[in-house]
J.: 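Dumping the structure here so I can ask a few things about it.
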There are 2 protein chains.
Amino acid sequence: MRLTTKGRYAVTAMLDLALHSDKGPVSLSDISARQGISLSYLEQLFAKLRKQSLVSSVRGPGGGYLLSRERCDIFVAQIVDAVNESVDATGCRGRSDCQGGTTCLTHHLWCDLSDQIHDFLSGISLEKLVQRKDVRLVAERQDSDIRQIDQSHDKDQDKISAALLG
Amino acid sequence: MRLTTKGRYAVTAMLDLALHSDKGPVSLSDISARQGISLSYLEQLFAKLRKQSLVSSVRGPGGGYLLSRERCDIFVAQIVDAVNESVDATGCRGRSDCQGGTTCLTHHLWCDLSDQIHDFLSGISLEKLVQRKDVRLVAERQDSDIRQIDQSHDKDQDKISAALLG
DNA sequence: TTAATAACCTACTAAATTAGTTGGTTATAT
DNA sequence: ATATAACCAACTAATTTAGTAGGTTATTAA
Ligand code: FES
Ligand code: FES
């Protein structure tokens with residue numbers, strides 16, 4: 001079992017998508033800006049998410065990604081599975097053979113733990129996360145931060161236009 | 001969060017200790033033979049387990065390691081914590097600062113997951129594991145395997161002795 | 001039709017971690 | 001005295017992570 005930045009990024013990005021895709025596709029550069037995740041890294045993660053048909057893509061300007069199912073039908077466990085190998089805590093991937101073909105002393109413990117984690121993460125849909133107060137608060141802050149950055153970009157653009165016009 | 005061979009080895013070795021330390025200290029080479037874990041690697045793990053006072057050591061011939069507390073007072077979570085950083089699933093180690101000093105969108109989810117895993121692994125003592133039927137079965141098989149290897153070593157020794165005596 | 005956008009794709013890389021190995025020293029029971 | 005077994009430090013190969021670099025292809029809008 002491993003749960004690192006990779007899996008956390010994937011869930012964060014999918015949640016961002018769930019929060020912002022009501023008005024059409026969301027581009028990875030938007031997600032990158034809002035969530036502070038490298039664009040190229042996001043591309044790699046979304047290639048995997050697409051392979052698992054968790055998202056679908058729209059190319060060209062105004063394009064981006066959409067959830068390929070309802071928010072209530074996508075679970076955190078599926079997202080982590082899509083980018084990591086699995087949420088499996090055993091060393092034998094359930095095969096009971098990690099001590100030279102035989103069952104190791106702690107096999108059953110890791111099976112139980114795997115079930116525990118899997119049950120927990122399988123019970124949490126994107127819909128459930130979107131509803132949470134803590135998630136909404138963070139999302140609002142991120143959105144207003146982005147609006148401020150956009151405004152300052154607009155000002156920069158005005159300056160450039162003004163300069164070009166002499 | 002990471003749960004790899006390292007943490008699994010540590011728990012397996014501690015359980016082996018719990019199963020065999022009733023008649024005095026258990027040497028790492030015994031654990032190595034029974035559990036198929038490299039001796040030098042075990043030494044590194046036990047250095048950490050000793051620092052966390054989960055085991056105490058006896059040097060010299062007949063020496064080895066003992067649990068420094070009752071089996072019912074040592075929990076799987078403590079063992080994993082001792083060799084890994086922690087069973088924490090957050091990227092911020094609870095500090096709520098993983099997105100450039102601010103809370104990321106999924107912080108609370110990973111906190112909940114960490115609690116889930118910690119509660120589970122904190123509820124399982126070595127005593128509980130020792131009592132389990134599946135653990136006893138594997139332990140019995142390992143013990144009889146070792147007895148067979150010892151016997152064949154004895155035969156080898158007999159051959160060597162015989163050869164030396166002419 | 002052309003320019004901009006944004007997905008898609010491949011290959012490379014620095015840093016960290018894992019799972020060891022090697023080659024010792026120190027303490028102690030017999 | 002010797003064998004045992006803990007203790008210790010330094011090195012290593014392989015793997016994984018979290019990226020970067022440098023493209024190509026599809027689509028929209030000016
Ligand atoms: S974890 Fe399954 S056999 Fe060891
Ligand atoms: S995991 Fe805690 S702030 Fe991101």
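Hydrogens, waters and symmetry mates play no part in the numbers below; they use all other heavy atoms, side chains included.
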J.: When the axes are fitted on five pairs at both termini, how much does the helix from C:dT1-D:dA30 to C:dT30-D:dA1 curve, in 10° steps?
T.: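 Taking five pairs per end, the axes differ by 10°.
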J.: Would you say A:L39 ends up clustered with A:I37 if hydrophobic residues are merged whenever their side chains have heavy atoms under 4.5 Å apart, either directly or through other cluster members?
T.: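 Yes, A:I37 and A:L39 fall within the same hydrophobic cluster.
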J.: For each nucleotide in nucleotides 25-30 of chain C, reading 5' to 3', give B when a protein heavy atom comes within less than 4.0 Å of its base, S when such contact involves only the sugar-phosphate, and - otherwise.
T.: -BBBB-
J.: Between B:K6 and C:dA19, is there a side-chain N or O to OP1/OP2 distance below 4.0 Å?
T.: no
J.: On a plain distance test, is the side chain of B:Q44 in donor-acceptor contact with the base of C:dT21 below 3.5 Å?
T.: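 Side chain to base: pair found, below 3.5 Å.
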J.: For C:dA6, does OP1 or OP2 lie under 4.0 Å from any side-chain N or O of A:Y65?
T.: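 So the side chain of A:Y65 is outside the cut-off, no N or O lying under 4.0 Å from OP1 or OP2 of C:dA6.
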J.: Show every ring pair (Phe, Tyr, Trp, His ring centres under 6.0 Å) that has at least one partner inside residues 123-149 of chain B, sequence neighbours left out.
T.: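 Of all non-adjacent pairs touching residues 123-149 of chain B, none passes ring pair (Phe, Tyr, Trp, His ring centres under 6.0 Å).
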J.: Are OP1 or OP2 of C:dA19 and a side-chain N or O of B:T5 less than 4.0 angstrom apart?
T.: yes
J.: Roughly how many Å is it from NZ in A:K48 to P in D:dT16, rounded to a whole number?
T.: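 Between P of D:dT16 and NZ of A:K48: 10 Å.
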J.: Rounding to an integer number of Å, can you tell me how far A:L3 CG sits from D:dT16 C1'?
T.: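 Those two atoms, CG and C1', are 15 Å apart.
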J.: In whole Å, what is the span from the CG atom of B:L45 to the P atom of C:dT21?
T.: 13 Å
J.: For residues 46-67 of chain A, which side-chain donor-acceptor pairs fall under 3.5 Å, sequence neighbours excluded?
T.:
none

J.: Are A:S122 and A:H118 linked by a side-chain donor-acceptor pair shorter than 3.5 Å?
T.: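 Yes, A:H118 and A:S122 have a side-chain donor paired with an acceptor closer than 3.5 Å.
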J.: Can you run down the salt bridge (charged side-chain N to carboxylate O under 4.0 Å, His left out) pairs that involve residues 103-130 of chain A, sequence neighbours left out, and say none if there aren't any?
T.: A:R71-A:E127, A:D112-B:R132
J.: Identify, residue by residue, the members of residues 27-43 of chain B with a heavy atom below 4.0 Å from DNA chain D, and return them in order of residue number, or none.
T.: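 Output list: B:S27, B:L28, B:E43.
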J.: Under 4.0 Å, counting only non-hydrogen atoms across every strand here, what does A:F46 touch: a base, just sugar-phosphate, or nothing?
T.: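 Touches nothing.
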